Amino acid sequence: RCVYIVDPWFAGSSSVGINRWRFLLQCLEDLDASLRKLNSRLFVVRGQPADVFPRLFKEWKISRITFEYDSEPFSKERDAAIKKLAIEAGVEVIVQISHTLYDLDMIIDRNGGQPPLTYKHFQTLV
């Protein structure tokens, strides 16, 4: 099952304008339409991910969860909490890097814990 969780924090944020909301809703509708052509659908759930996932793990008998890696500090913290909840529930976790071309954490690790300051140095790390 494909799930999109609308986090109330995001929904209530004053920095989210009407055009951004419209774009998000149109993308979700388009994704759902594409999934329906494949005899599936998109489930949109409202709530804090840390509250929603444990309930879905049980109700839907989920054995595996996959999601896209996000390098933003808030997202990394949220995703670590979700991963912990999933593992505690016996759910396999698969995280894919597709938001960026390269694994940012790997690049920073290769550079001694610091981001490269020039493109040329970045190229030597990748």
Side-chain angles (χ1 to χ4, degrees):
R1 294 182 187 178
C2 297
V3 178
Y4 184 87
I5 298 177
V6 178
D7 188 329
W9 176 87
F10 178 78
S13 175
S14 61
S15 65
V16 180
I18 188 71
N19 289 333
R20 188 172 180 187
W21 265 115
R22 184 179 299 121
F23 178 74
L24 174 63
L25 293 174
Q26 289 171 340
C27 289
L28 294 174
E29 288 172 351
D30 183 62
L31 178 57
D32 185 50
S34 296
L35 288 168
R36 286 179 187 269
K37 290 177 186 174
L38 299 171
N39 295 321
S40 186
R41 65 169 292 197
L42 177 66
F43 293 87
V44 178
V45 182
R46 188 175 199 276
Q48 291 284 337
D51 298 331
V52 170
F53 274 115
R55 181 173 49 92
L56 294 181
F57 293 156
K58 289 178 186 171
E59 288 179 13
W60 291 353
K61 297 179 177 109
I62 293 173
S63 61
R64 179 181 301 134
I65 182 173
T66 63
F67 57 89
E68 179 183 70
Y69 173 81
D70 193 334
S71 60
E72 293 295 323
F74 166 80
S75 302
K76 289 172 81 170
E77 186 177 312
R78 176 203 60 213
D79 294 349
I82 298 305
K83 189 173 182 177
K84 181 177 182 269
L85 289 169
I87 291 169
E88 289 171 356
V91 175
E92 177 187 6
V93 179
I94 300 170
V95 181
Q96 299 292 328
I97 296 173
S98 60
H99 188 70
T100 58
L101 294 175
Y102 298 99
D103 181 344
L104 300 180
D105 290 334
M106 178 210 49
I107 292 168
I108 291 171
D109 286 345
R110 286 184 180 175
N111 198 42
Q114 298 294 317
L117 299 179
T118 65
Y119 185 67
K120 187 168 189 86
H121 185 61
F122 169 81
Q123 287 179 308
T124 64
L125 296 169
V126 296

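One-based numbering along the sequence shown. Note that the structure is a prediction, hence the values are computed from the model and not measured.
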Asker: Run the side-chain contact (heavy atoms from CB on, under 4.5 Å) test against E72 and tell me which residues pass, sequence neighbours left out.
Answerer: D70, S75
Asker: For the CZ atom of R46 and the CG atom of D51, what is their distance to the nearest 0.5 Å?
Answerer: 12.0 Å
Asker: Is I62 linked to Y4 within one hydrophobic cluster, defined over Ile, Leu, Val, Met, Phe, Trp and Tyr using a side-chain heavy-atom separation of less than 4.5 Å?
Answerer: no
Asker: Working to the nearest 0.5 Å, report the span between CZ of F74 and CG of D7.
Answerer: 5.5 Å
Asker: Let me have the donor-acceptor pairs involving side chains of residues 114-126, under 3.5 Å, with sequence neighbours excluded, atom names and distances please.
Answerer:
{"residue": "T118", "atom": "OG1", "partner": "H121", "partner atom": "N", "Å": "3.1"}
{"residue": "H121", "atom": "NE2", "partner": "N111", "partner atom": "OD1", "Å": "2.5"}
{"residue": "T124", "atom": "OG1", "partner": "H121", "partner atom": "O", "Å": "2.6"}

Asker: Between OG1 of T100 and CD1 of I107, what distance do you get to the nearest 0.5 Å?
Answerer: 7.5 Å
Asker: Only counting residues at least two apart or in another chain, list the ones meeting side-chain hydrogen bond (donor to acceptor under 3.5 Å, both in side chains) with S98.
Answerer: E68
Asker: Going by the ring pair (Phe, Tyr, Trp, His ring centres under 6.0 Å) test, which pairs reach into residues 29-57, not counting sequence neighbours?
Answerer: F43-W60, F53-F57
Asker: Does S71 have any side-chain hydrogen bond (donor to acceptor under 3.5 Å, both in side chains) partners at least two apart in sequence or in another chain, and if so, which?
Answerer: none
Asker: Could you see if F23 belongs to whatever hydrophobic cluster contains V6? Use Ile, Leu, Val, Met, Phe, Trp, Tyr and a side-chain cutoff under 4.5 Å.
Answerer: no
Asker: Just grab all the salt bridge (charged side-chain N to carboxylate O under 4.0 Å, His left out) pairs involving residues 52-64, residues at least two apart or on different chains.
Answerer: R55-E59, R64-E92
Asker: What closest approach, in Å, do P49 and P54 show between heavy atoms, and which atom pair accounts for it?
Answerer: O-CD, 4.2 Å
Asker: The criterion is side-chain hydrogen bond (donor to acceptor under 3.5 Å, both in side chains); which residues satisfy it with K83, sequence neighbours excluded?
Answerer: none
Asker: Drop me the distance from I65's CD1 to L56's CG, to the nearest 0.5 angstrom.
Answerer: 8.5 Å
Asker: Among the clusters formed by ILVMFWY side chains lying less than 4.5 Å apart, do L25 and V45 turn up in the same one?
Answerer: no
Asker: Quick one: side-chain contact (heavy atoms from CB on, under 4.5 Å) partners of D109, sequence neighbours excluded?
Answerer: none
Asker: Cut-off 3.5 Å, no hydrogens considered: what does the side-chain donor-acceptor table look like for residues 31-39, sequence neighbours left out?
Answerer:
{"residue": "D32", "atom": "OD1", "partner": "R36", "partner atom": "NE", "Å": "3.4"}
{"residue": "D32", "atom": "OD1", "partner": "L42", "partner atom": "N", "Å": "2.8"}
{"residue": "D32", "atom": "OD2", "partner": "R36", "partner atom": "NE", "Å": "2.8"}
{"residue": "D32", "atom": "OD2", "partner": "R36", "partner atom": "NH2", "Å": "3.4"}
{"residue": "S34", "atom": "OG", "partner": "D30", "partner atom": "O", "Å": "3.2"}

Asker: Is it true that V52 and V91 fall in one hydrophobic cluster, defined by side-chain heavy atoms closer than 4.5 Å?
Answerer: yes
Asker: Are F67 and V44 linked, directly or through intermediate hydrophobic residues, by side-chain heavy-atom contacts shorter than 4.5 Å (ILVMFWY only)?
Answerer: no
Asker: For E77, give me all partners under salt bridge (charged side-chain N to carboxylate O under 4.0 Å, His left out), at least two apart in sequence or on another chain.
Answerer: none
Asker: Applying side-chain contact (heavy atoms from CB on, under 4.5 Å), can you list everything that pairs with D103, at least two apart in sequence or on another chain?
Answerer: I97, D105, M106
Asker: Restricting to pairs with a member in residues 110-119, which pass salt bridge (charged side-chain N to carboxylate O under 4.0 Å, His left out), not counting sequence neighbours?
Answerer: none
